[in-house]
Amino acid sequence: MPRALAKEIVIAAGLRTAQTKAGGQFRREDAGRLGAAVTRELLARTGVDAAQLDEMIFGCVGQPQNQVNVARVIAIRAGVPQRVPAHTVGRNCASGMQALTSAVVQIEAGRGELFLCGGVEVMSAYPLTYGPEMTALFEQLSRARTLPARLAALASFRPWHLKPRVALLEGLTDPTCGLIMGRTAELLARDWSITREQGDALALESHSRAERARANGRFAREIAPVMPLGARDGAQSVLADDGIREGQSLEALAKLKPYFEKPDGVVTVGNSSQLTDGACALLVTTAERARALGLAPLARVRSFAWAGCEPARMGLGPVYASAAALDDAGCELEDLGAIELNEAFAHQVLACARAFDSAQFAARELGRGRALGALDLARTNINGGAIALGHPVGCTGARLVLTLAHQLRESNAELGLATLCIGGGQGGAVVLERCGA
Amino acid sequence: MSALDLALLDSMPMPEGAPGPGGCVRIERPEPGLAVLVIDPPHRKLAVFDRPLMRDLAAAFDELSRDRALKALVLTGKSPTAFVAGADIDVIEAIDDATRASALARFGQQLFQRLADLPLFKVAAVGGPVPGGAFELSLCCNRIVLAEHPSSRIGLPETQLGILPGWGGCQRLPRRVGVPVALETILTGKLYVARQALKLGLVDRLAAPENLVRIACDLALGRTRCPARERGLWSVLVDRNPLARAFITNAARKDVLKKTRGRYPAPLAALELAAAAPSTSLEQGLEREAQALGRLAVSPECKSLISIFRGSEEAKKLGRLPGGAEARAIERAGVVGGGVMGGAIASLLAEKGVDARLCDLARKAVDSALVEHARTIDGALRKRRFEAHEARAALDRLEGATTLEGFARCGLVIEAVAEKLEIKRSVFATLAASLAPDAILATNTSSLSVDAIAAGVAHPERIVGMHFFNPVRLMPLVEIVRGSHTNDETVAATARLALRLGKTPVVVRDVAGFLVNRVLGPYLDEAVRLYESGVAPAQIERAALDFGLPMGPLELLDEVGLDVAAHAAQSLEAAYGERMKSSRLVAKLVACGLKGKKSGAGFFQYEPDPRGGRPRKGEFNPRVTEAARPHAASTLRSEDVRERLALALVNEAALCLEERVVESERELDLATVFGMGFPPFYGGALRYVRSRGARNVVDALERCSAAADVTARDGARERFKPCALLVERAR
């Protein structure tokens, strides 16, 4: 049953930073600063008075430990008046999309009209932490007042206590099923019989599309240049996504060894999304308010949905969520002119494509009489996806929506879908409708 | 205890609105054994050691000395962040008799000694500005507690006004913190913030303003303790050790001479007194202080420095509207043009708390400005001028862009693009279309007319010139150029922004060269002419330095850029005719590729500093000799060279006042000192004329005018013809 949103809600404007390989150009950044940079630029270009914002909502998975509620830090550093509240949301890889849907829900409920939302992730800054044994040792030491007590504390030390906990690895591993994300993709590859070559082919396509898009200046209107922190003489602002491999080839991809399951796996670093730093900001409001602000909206939010699924097969999340979102929007998969389906892993995308088109899957998992439809790969990730552009986890959800909104204009399409799989077994989906002429 | 010379006090002027006896202070007795002496004169916003306050302090000290039941005294101001602003500068400015000045010093010393002699445990509870005499009074107490507040500034800045701490500061401070720290405090005249003051030992303890008096009372009564500052062993090893003293004194003297080139007597006198203090008796030291103060207070250097100080204080009022209300504050500003100046202006804005957006068509220029800004902030952080979160905020505030999008919310935009009328007009037109109608459009032009740039732009009343000098961070002056439509609100808001950036504004009329460049024009050209007529370059440079200018004219031309200078000279000639007729040599040098420091060579050769600092000056450039073919060695003496340079400058300055380019003589003097480094000990170009005597100056100008090489030159006689203002004053 189609279900319209309670109000006409639009993405009035949006900007993102370039997405850079973790450990690369943005390695000295912090989430607060990167988010603030793109927010400032968005406010400046739209000419919106930040005092008018009802709230700022940002998604971030790995919040820096010295920037708790990073959305608030972003707000203050972006020059937003202190009176504007801010909060941070988390839904793993879809946190950026959650920020958007949270704003939508608040606008629907009449709790605010003008929101600045987005997502930010600086994976370069993920920390190494001491394990519980070492932490306990420090605690004991700080409580020890006498020399004998201190010596007793030190006596419990073993060299292996120094082994750090790697936040990156732990964050990407599902604690309920014990699988690191890449292994969930391996599972899907076996479920749906997707070969190594098929995955590599999709990866190659992602890079070539992205390369073409970058060369055509397709991303120019999305990207706000940022001068990275720690810049020295002669440094340049970062203007373009740098994960795109020019001249990527099947031969080069074929040489890579499987990363998550050796020796028989099919998922490699070449056909997986890249660890990336990036931020994205969107101005979300009612159509009427956008008009009053003199802004020509990018797109209208037609519907959205969140869905849960099996953690071990989280990669299929988009299918569950898209089914619900398309229902609410009152349209079919084939009605969509442009689709952004996050390329967490090539095999995961291909698995989704098969699942969309499977009547069996629809019956068993979605309780439907027929398959959702064929996913036209020619209309999906038209400008490349996370394999080439990177996946700054908390940011991607917002970034996909921004790219989709622009793509509706480019493709002269009426409707579009942005959807991602979410670690922990979820899917998120947003259906956008083009605004005006 | 010697009797206070109350007759001397009576001879001091009584300020307006001063209260009757006892009106400036009050003594509170919150508990037995404790008295709190509050300095709270009703006739001033911030107390000053004027006649009524000194009278009332004398009476109060007298009363306290007779009270047998007292054990403790707290000395404080009307609020935790308002104590006393120091001595009465009006009195020092007016005094013209050294004996009387010494007597006033002695009076203050004796008055403060009364406090020191009270058999009570005394605690000074001070905050806000605590300069000079205020600090000296506090030094007479057993302990000093300072309010930990951003407005707290404590120190002995007297040498900056050409005098020295004459109320016991040169004696008591070295005994308290040792000679090295005392010398640094007194010779730099720096006013220290709370943390630094504590670290250096200038004060004993800090307290939050809300707790200041309570803690001072507790200390005074012995309820809490704060150990006395003891120099201990250091006193023997350093302060009173003749060898150490000689070493320290020599090093300090060399430093002072280097900075002052021997033109300012005050720091040297203060140095001698403070270094000798721990080794002399207090009585002897105080007498020497009084003598020295007497001499210095009547010196011309002192009067000049006070005049400049007054000028700066008045300049602060430019940020107010005619009615007295504060002009609007600019919270977001734009800069168009990311060259050396534009980038530096944007960086300074961001550093001082203004959201700044810099635009340049070339991304490379924007990037270098951003990198330079990051470097500046990083340097300031390392020098502890910022805390980490403040440094981050300063970095955040600078935005870079390559289009004029994003400037809509700016309250003021400064254009610093190429000196081409069409480009500037086009920038203003584009901005006017997207900015609020009352957003200020300011131009940093140095050679074009503000009116010309404003022509055709909507709401011309908000258009103004905001002329910075190069290098932006170092040069303190900003010329605020009033176009014929510019309204008062625009001038005041622009001045307020300039003050926020730490600059001194001066309002000038929209004439070619405005003020500073116009006055420099004849001076710089005269230098080139002297060179062409056979005067050695070294002699020319030395003449200027001997006069007291910070840099020689030929080096200054190199600094400014020979291309810029040639262009400026052309506009001045076009506007003012004969007297601005300039030598073609500079243009010729530019045509040969010599552009000054920025190109590695101009009149002099320059080597880049390996440590990345400013380029170092080398030998005179032989290519210039080739191009100029100067005459055989000139017969002009050094004094003549100096006269030519100084008089060319001074005559033009006088003409500027005559033509009302600035409103007042004081502003003109201030602008010459802050804009071109006219020697502060002269107080400014026209003050120099006054002190030398207008008759003397007119005669000297006429002599120059009649000189052989001058008459031989086109337009030179016009340059040295005394202007009407000078002639009038010479009568």
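The model shown is predicted, which means the values in this text are computed figures rather than measured ones. Throughout, a chain's letter reflects where its sequence line sits, starting with A, and its residues are numbered from 1.
Here A:A44 is the residue among A:A37, A:G79, A:A44 with the most heavy-atom pairs under 4.5 Å with chain B. Chain B forms more heavy-atom pairs under 4.5 Å with one residue of A:E41, A:R77, A:R45 than with any other, namely A:R77. Contacts with chain B were tallied for A:G230, A:S237, A:G47, A:A231; A:S237 has the most, counting heavy-atom pairs under 4.5 Å.
For B:R357, the part sitting under 4.5 Å from any heavy atom of chain A is the side chain, from C-beta outward, and nothing else. Of the atoms belonging to A:I76, not a single heavy atom falls under 4.5 Å from chain B. Heavy atoms of A:A235 lying under 4.5 Å from chain B belong to its backbone as well as its side chain. Interface remark: A:V226 contributes no atoms to any contact with chain B (heavy atom separation under 4.5 Å). Proximity to chain B (any heavy atom under 4.5 Å) is restricted, for A:L239, to the side chain, taken from C-beta onward.
In this structure, B:R195 places its CZ atom where only 12 or fewer heavy-atom neighbours from other residues, nucleotides or ligands lie under 6.0 Å away. No more than 12 heavy atoms of other residues, nucleotides or ligands lie within 6.0 Å of NZ in B:K595, so this atom counts as exposed by the packing criterion. Shown here is B:F386, whose CZ atom has more than 12 heavy atoms of other residues, nucleotides or ligands within 6.0 Å. Counting non-hydrogen atoms of neighbouring residues, nucleotides and ligands closer than 6.0 angstrom, the CZ atom of A:R245 reaches no more than 12 such neighbours.
The two atoms that bring A:Q19 and A:L389 nearest to each other are NE2-O, 2.9 Å, heavy atoms only. Nearest heavy atom pair, residue B:I463 against residue B:A454, reads CD1-CB, 3.6 Å. When every heavy atom of A:V284 is checked against every heavy atom of A:L100, the shortest pair comes out as CG2-CD1, 3.6 Å.
Within residues 327-343 of chain B, the residues having any heavy atom less than 4.5 Å from a heavy atom of chain A are, in residue-number order, B:R332.
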Exercise. Run the numbers on B:K598 and B:D563 for salt bridge (charged side-chain N to carboxylate O under 4.0 Å, His left out), then give the verdict.
Key: CA-CA 10 Å; B:K598 60 191 178 196; B:D563 48 346; 3.0 Å; yes
Quiz item: Does the pair B:L435 and B:L441 meet the rule for a side-chain contact (heavy atoms from CB on, under 4.5 Å), with working shown?
Solution: CA-CA 9 Å; B:L435 265 59; B:L441 297 178; 4.0 Å; yes
